[in-house]
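Note on naming: letters A, B, ... go to the chains in the order of the sequence lines (proteins, then strands), and numbering restarts at 1 for each one.
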2 protein chains.
Amino acid sequence: MFQLDPRSGVPIYLQLKERIRHQVTSGRLAPGTRLPTVRELAVDLRINANTVSRVYSELQREGYLETRQGSGTYVREVGRDLREARRDRVRELLREIVAEGLNLGYTQEELIAALKAEIDRIHDKDRRDSP
Amino acid sequence: MFQLDPRSGVPIYLQLKERIRHQVTSGRLAPGTRLPTVRELAVDLRINANTVSRVYSELQREGYLETRQGSGTYVREVGRDLREARRDRVRELLREIVAEGLNLGYTQEELIAALKAEIDRIHDKDRRDSP
DNA sequence: ACAATTGTACTAGGATATTAGGACAATGCG
DNA sequence: CGCATTGTCCTAATATCCTAGTACAATTGT
């Protein structure tokens, strides 16, 4: 279900966390969807159940999942305040990339142009997918 | 010469590395400029010479510096392919942010505005640090 | 050639991060 | 209620990271 690479240097729990987060934010895991149990996923990935639990817990704290003991872990519905929280994350990511971009010699204009270019890319892609 | 913050949580060597990288890419350290010796900088920053050496070595591997044993460490001309590689990386990160932002309901204009806001933030900060 | 100066290799201590094992707690369902 | 299933707490072993100390190697310049 989630493919990981133990030799990538990136900790397993981080890989898993980002995979799940991505599937949630991209909508490939719809709100309400029940995720595998920590033990199922642990066996599947050949890791410890606690490692999976850590991922679920952190994603819950960050507002992406909702875990109910005895029942399971579910993708959370996106409410208004939650949307705000995730927007904060986008801002955070933007801040990081601006810092890095400027550090690497990008000018402000180049950064903005690059952003616009990526926006156009995705727009074009959307248009092709659903004309 | 390089101001660091031991309590920032960011490892010393990383802080130093990014400072130097920034000064190189921004042109404040011109190609050919000789950097302080590892011992000079170590004394100045009250850290170990090996820590400085690590920074110099990594920046050399990444193409920003050129170190010659017995002589010193010099700023290198940042080549086109290096710049292109960095650029690809930033583009890739931007693509992910755009995807996530649009999924959260950002409009194109909001994304661009948010990026500009972050640019201004950092720009102001830079101005305070080195007017 | 020699001595001073440069960066580097090797090592290790200490801190932090990552993963795992086993017992526990909350929930659902017969 | 009783049992199975769920996530979680506590603990500990292990790995990794960061920094420093010391000795070494390459270069420079006299």
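To the nearest angstrom, C1' of D:dA4 lies 14 Å from CD of A:Glu40. Look at CG on B:Leu4: it is 14 Å from C1' on D:dT19, rounded to the nearest Å. In this structure, CG of A:Leu59 is placed 14 Å from C1' of D:dG7, rounded to the nearest angstrom. Atom CG of A:Asn50 and atom C1' of C:dC24 are 12 Å apart (whole Å). Between the CD atom of B:Gln69 and the P atom of D:dC24 there is a distance of 14 Å, given to the nearest Å. The nearest whole Å value for the distance from the CZ atom in B:Arg39 to the C1' atom in D:dA26 is 12 Å. Note: CD (A:Glu66) to P (D:dT8) measures 12 Å, nearest angstrom. The nearest whole Å value for the distance from the NZ atom in B:Lys17 to the P atom in D:dC17 is 13 Å.
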TODO: Begin from the C-alpha positions of A:Asp5 and A:Gln15 and carry the test side chain to side chain donor-acceptor pair (under 3.5 Å) through to its verdict.
DONE: CA-CA 8 Å; A:Asp5 178 8; A:Gln15 292 184 48; over 6 Å; no
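Of the side-chain N and O atoms in B:Ser71, none sit less than 4.0 angstrom from OP1 or OP2 of D:dT28. Regarding contacts with the backbone of D:dT19, every side-chain N or O of B:Thr51 stays at 4.0 angstrom or more from both OP1 and OP2. One finds no side-chain N or O of B:Tyr56 lying less than 4.0 angstrom from the OP1 or OP2 phosphate oxygen of C:dG7. A:Arg68 has no side-chain polar atom (N or O) that falls below the 4.0 Å cut-off from OP1 or OP2 of D:dT6. Close to C:dG21, at under 4.0 Å from its OP1 or OP2, lies a side-chain N or O of A:Asn48. Phosphate proximity of C:dG7 to B:Thr73: present, with a side-chain N or O under 4.0 Å from OP1 or OP2.
Closest to the B:Ile47 side chain, of the nucleotides D:dG7, D:dA20, C:dG22, is D:dA20. Each of C:dT8, C:dT19, D:dT6 was ranked by its minimum atom distance to the side chain of A:Arg54; first place goes to C:dT19. For A:Thr67, whose side chain is taken as the heavy atoms from C-beta onward, the closest listed nucleotide among D:dT8, C:dT19, D:dG21 is D:dT8. Comparing C:dT8, D:dT6, C:dT6 against the side chain of B:Ser57 picks out C:dT8 as the nearest. With distances taken from any side-chain atom of B:Ile12 to the nucleotides C:dT6, D:dT8, D:dT19, the minimum falls on D:dT19.
With A:Glu62 as the partner, the side chain to side chain donor-acceptor pair (under 3.5 Å) test is satisfied by one option alone out of A:Arg86, A:Lys17, A:Arg89: A:Lys17. Tested against A:Leu41 for a side chain to side chain contact (heavy atoms under 4.5 Å, CB included), the candidates A:Thr37, A:Leu45, A:Val38 yield a single pass: A:Leu45.
Heavy atoms of B:Thr37 sit under 4.0 angstrom from primed sugar atoms or phosphate atoms, though from no base atom.
Pairing each heavy atom of B:Leu111 with each of A:Val90, the nearest pair is CD2-CG1, 4.3 Å.
Of the two residues near DNA chain C, B:Pro36 and A:Tyr13, the one whose nearest nucleotide lies more 5' is B:Pro36.
Here the side chain of B:Ser57 pairs a donor or acceptor atom with the backbone of B:Ser53 at under 3.5 angstrom.
Cation-pi geometry between A:Arg19 and A:Phe2 is not satisfied (NZ or CZ under 6.0 Å from the ring centre, within 45° of the ring normal).
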